[in-house]
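What you see below is based on every heavy atom in this structure, not just the backbone, and it leaves out hydrogens, waters and symmetry mates.
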There are 2 protein chains.
Amino acid sequence: MRLTAKGRYAVTAMLDLAVHEDEGPISLADISRRQGISLSYLEQLFAKLRKHELVNSVRGPGGGYQLSRAANQIFVAEIVDSVDENVDATKCSGRADCQHGEMCLSHQLWSELSDQIHQFLAGIDLASIITKREVAQIAARQDAVQERVQEDIIDEIVKIPALAEG
Amino acid sequence: MRLTAKGRYAVTAMLDLAVHEDEGPISLADISRRQGISLSYLEQLFAKLRKHELVNSVRGPGGGYQLSRAANQIFVAEIVDSVDENVDATKCSGRADCQHGEMCLSHQLWSELSDQIHQFLAGIDLASIITKREVAQIAARQDAVQERVQEDIIDEIVKIPALAEG
DNA sequence: CCTATTCCCGACTATTTTAGTCAACTAAAT
DNA sequence: ATTTAGTTGACTAAAATAGTCGGGAATAGG
Ligand code: FES
Ligand code: FES
């Protein structure tokens, strides 16, 4: 099972593209700056994303990358698969033969786990992550507001003479 | 996200203990032979499993390891956690700060994935894995193989001239 | 044309992690 | 006493990861 910074970077970069979807091609330099990922590393990743037809590239000044499809039609599993992070958790790569050609005791467990992970990632598209995130940010802001309000309430309580002196 | 041979070995070894639960303490040498895991490596793993009180040890001749609880009370997640394979898929280890102290675009995704994986592994106990009939069959085959190997070894020893004639 | 920008590509390297080894030691059973 | 088997810590080889470097090739603007 491999799920490391490589896959995280790829998804983050794709999300960046999705967020700036309507601004024409986005250069890797922009993504590098915004997301704090090394430019050279991004080049490696996008070579793979392009081969798997998840992004289109435009060369020359003003060029960059764009999503090849609508953000709600690109799923996280595709991205992770593209950069070659193999989500399979079995030792035998699904061949059920990791022990002298026989299936080992735990094969089925890892096989089921791999399925779970893959299903999970295959069910999430870029657009839905962004939507959720916006909701979360709004929620966080609301929480902050709520805390402020509660502090104000506490301030008011403190000022009530009966309590202040009790 | 870390889920590699280490965790697989630990679970496989624990399954081996569970399968031979009623045969008294099981030596690491037996597990090593049956499951094809290096003895020295097993020592490392069991040191951790013991610290986390998943197994009890018995020293001396006839000694070995036993499950500390019934097989249906030991969950895969505990085993994986014990050998220090950390199932967290986020870069920030859950702190939501991997980008200049801010939450990165994909944090939520990895966080949810980590939860999924952990829940999955926390819901599966050793007994239920074994109950899936196939595992029992594999174990039976492994025992047979072990016996064959031992017979072969005896055969070879018998064929050594110095011994045969001495 | 020239030049700056940007993608494209392959090889290279440093670092970290994994998987596995080794040696010396302690406890218990016969 | 001797042998079996767990206990511990340090060590190492090999692999994977994360990242670098340097030179290209396409293209927009002048
Ligand atoms: S993991 Fe598939 S046979 Fe062992
Ligand atoms: S993975 Fe948690 S903030 Fe980026």
Side-chain angles (χ1 to χ4, degrees), chain A residues 1-13 17 23-33 35-68 80 83-89 91 93 98-99, chain B residues 1-13 17 23-33 35-68 80 83-89 91 98:
Chain A
M1 166 90 207
R2 230 155 47 230
L3 252 187
T4 66
K6 196 196 284 191
R8 274 196 304 265
Y9 283 165
V11 173
T12 302
L17 282 192
E23 301 173 20
I26 305 297
S27 74
L28 291 187
D30 284 348
I31 299 176
S32 171
R33 249 176 277 127
Q35 306 303 332
I37 306 170
S38 134
L39 177 58
S40 311
Y41 203 42
L42 278 175
E43 285 176 354
Q44 264 188 44
L45 298 179
F46 273 79
K48 294 183 175 178
L49 294 172
R50 200 175 62 93
K51 266 179 205 132
H52 288 259
E53 305 192 316
L54 293 178
V55 296
N56 295 323
S57 63
V58 181
R59 290 177 150 197
Y65 289 93
Q66 281 176 308
L67 298 181
S68 65
V80 171
V83 296
D84 189 37
E85 299 243 5
N86 159 343
V87 140
D88 187 1
K91 177 177 195 174
S93 308
C98 85
Q99 198 192 184
Chain B
M1 166 90 204
R2 230 153 49 228
L3 250 186
T4 65
K6 196 197 285 192
R8 273 196 305 265
Y9 284 166
V11 173
T12 301
L17 282 192
E23 302 173 20
I26 305 295
S27 74
L28 292 187
D30 282 349
I31 299 176
S32 171
R33 248 176 277 128
Q35 306 304 332
I37 307 170
S38 133
L39 176 58
S40 310
Y41 203 41
L42 279 174
E43 286 173 355
Q44 265 189 41
L45 297 180
F46 273 79
K48 293 182 176 178
L49 294 172
R50 199 175 63 94
K51 266 180 205 132
H52 288 258
E53 305 192 316
L54 294 177
V55 295
N56 294 324
S57 63
V58 180
R59 291 176 149 199
Y65 289 92
Q66 280 175 311
L67 298 182
S68 65
V80 172
V83 296
D84 189 36
E85 300 242 3
N86 147 348
V87 138
D88 187 1
K91 177 177 196 173
C98 85

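- With hydrogens and angles left out, the side chain of A/Q44 and the base of C/dC9 share no donor-acceptor pair within 3.5 Å.
- Contact annotation: A/S38 reaches the phosphate of D/dT20 (side-chain N/O to OP1 or OP2, under 4.0 Å).
- Of the residues near DNA chain C, A/E43 and A/G60, the one whose nearest nucleotide (by heavy atom distance) lies more toward the 5' end is A/G60.
- Of the candidate nucleotides D/dG6, C/dC7, D/dT4, C/dC7 has the atom lying nearest to any side-chain atom of A/L28.
- Rounded to an integer number of Å, the gap from B/F46 CZ to D/dG9 C1' is 19 Å.
- Out of D/dG6, C/dT21, D/dT20, the shortest distance to the side chain of B/S40 is found at C/dT21.
- Looking at the side chain of A/K6, the nearest of the listed nucleotides D/dA5, D/dA18, C/dT5 is D/dA18.
- The phosphate of C/dA19 has OP1 or OP2 within less than 4.0 Å of a side-chain N or O from B/T4.
- The nearest whole Å value for the distance from the CG atom in B/L42 to the C1' atom in C/dC22 is 16 Å.
- Remark: A/Y9 is not in phosphate contact with D/dT17, judged by side-chain N or O atoms under 4.0 Å from OP1 or OP2.
- The nucleotide whose nearest atom lies closest to any side-chain atom of B/Y41 is, among D/dT4, C/dG20, D/dC21, C/dG20.
- Between B/L39 atom CG and D/dT7 atom C1' the separation is 12 Å, expressed in whole Å.
- At least one side-chain heavy atom of A/F46 sits less than 4.5 Å from a side-chain heavy atom of A/I31.
- Between B/Y41 and B/Y9, the two ring planes are perpendicular [angle over 60°; tilted spans 30° to 60°].
- Comparing atom distances between the A/S57 side chain and each of D/dA18, C/dA19, C/dC7 picks out C/dC7 as nearest.
- How far OG of A/S38 is from CD of A/E43: 8.0 Å, rounded to the nearest 0.5 Å.
- If you take CD1 of B/I26 and P of D/dG6, they are 10 Å apart, rounded to a whole angstrom.
- Side-chain proximity of B/R50 to D/dT8, C/dC7, C/dA28: nearest is D/dT8.
- As rounded to whole Å, 14 Å separates atom P of D/dT7 from atom NE2 of B/H52.
- Closest approach of A/N56 and A/L67 over heavy atoms only: ND2-O, 4.2 Å.
- Distance B/I37 CD1 to C/dT18 P: 17 Å, rounded to the nearest Å.
- The nearest whole Å value for the distance from the NZ atom in A/K48 to the C1' atom in D/dA18 is 12 Å.
- The main-chain N or O of A/I37 is found under 3.5 Å from a side-chain atom of A/S32 such that the two form a donor-acceptor pair.
- Computed from coordinates, the B/R33 CZ to D/dT4 P distance equals 12 Å when rounded to whole Å.
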